[in-house]
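Below: the structure, in structure tokens.
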Amino acid sequence: QVQLVESGGGLVQAGGSLRLSCAASGHIFSWYAMGWFRQAPGNEREFVAAIRWGDGSTNYAASVKGRFTISRDSVKNMVYLQMNSLKPEDTALYYCAAAGRLGTSRSEYDSWGQGTQVTVSS
């Protein structure tokens, strides 16, 4: 199983930017997907973005498309989420996760980090 540790969360004003990082340890196969999910208080954990480790194919939630960019560094075993034009509704605990395929469902991901908090003030 892959171990994941997120960092980079914080407090930012609306319209600002943050970059989240996820350090992965363990063997990551080329067909693995690394994803970002988020969960706001009282809400379900929702898909944000994912990237296939081998070819870099990506998938985004409609709510973040055009504002967020997921990327990976296969040498450093890192996954990043660049978040621009942040809105108060982006406030949530952001989780990094790993799956055996490029999916959008929480149930497809079997390794999870502890999360990093992102707070966007209006």
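Side chains are part of it too, since the values below use all heavy atoms of this structure and drop only hydrogens, waters and symmetry mates. Since we're looking at a predicted model, the values are computed, not measured.
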Give a yes or no answer on whether the side chain of Arg72 reaches the backbone of Trp53 with a donor-acceptor pair at less than 3.5 Å.
yes
Distance-minimising heavy-atom pair for Met78 and Ser21
CE-CB, 3.8 Å
Worked check of side-chain contact (heavy atoms from CB on, under 4.5 Å) between Thr91 and Gln117:
CA-CA 8 Å; Thr91 295; Gln117 178 68 37; 4.1 Å; yes
Nearest 0.5 Å, what's the CD-OG distance between Gln82 and Ser71?
8.5 Å
Would you please classify the geometry between the Phe29 ring and the Trp31 ring as parallel, tilted or perpendicular, with 30° and 60° separating the classes?
parallel
Is Val79 linked to Val48 within one hydrophobic cluster, defined over Ile, Leu, Val, Met, Phe, Trp and Tyr using a side-chain heavy-atom separation of less than 4.5 Å?
yes
Indicate yes or no for a side-chain donor-acceptor contact from Ser30 to the backbone of Gly54 under 3.5 Å, with no hydrogens or angles considered.
no
Looking only at atom types and distance, does a side-chain atom of Ser111 sit under 3.5 Å from a main-chain N or O of Gln3, one as donor and one as acceptor?
no
Between Cys96 and Leu4, which heavy-atom pair has the shortest distance, and what is it?
O-CD1, 3.6 Å
Sidechain-backbone polar pair: Tyr109 side chain, Gly103 backbone, donor-acceptor under 3.5 Å
yes
What are the two closest heavy atoms between Ser122 and Pro88, and how far apart are they?
CB-CG, 3.8 Å
Donor-acceptor pair, distance only, cut-off 3.5 Å: does the side chain of Arg67 make one with the backbone of Ser85?
yes
Can you tell me which residue among Glu46, Glu44, Arg45 is in a side chain to side chain donor-acceptor pair (under 3.5 Å) with Gln39?
Arg45
So SG of Cys22 and CH2 of Trp112: to nearest 0.5 Å the spacing works out to 11.0 Å
Atom CG in Leu93, atom CG in Asn43: separation rounded to 0.5 Å?
12.5 Å
Phe37 and Phe47 aromatic ring geometry - parallel, tilted or perpendicular at 30°/60° bounds:
perpendicular
Hphob cluster co-occupancy, Val64 + Val118, side-chain heavy atoms under 4.5 angstrom
yes
Could you check whether any side-chain N or O of Glu6 sits under 3.5 Å from a backbone N or O of Gln114, counting only pairs where one atom can act as donor and the other as acceptor?
yes
NZ (Lys87) and OG (Ser63) are apart, to the nearest 0.5 Å, by 8.0 Å
Here the gap from Phe68 atom CZ to Ser17 atom OG, rounded to the nearest 0.5 Å, amounts to 9.5 Å
From Leu102, Thr58, Leu81, Asn59, residue fulfilling side-chain contact (heavy atoms from CB on, under 4.5 Å) relative to Ile51
Thr58
For Tyr60 and Ile70, indicate whether the former's side chain and the latter's backbone hold a donor-acceptor pair under 3.5 Å.
yes
same_hphob_cluster(Val12, Trp36) at 4.5 Å side-chain heavy-atom cutoff:
yes
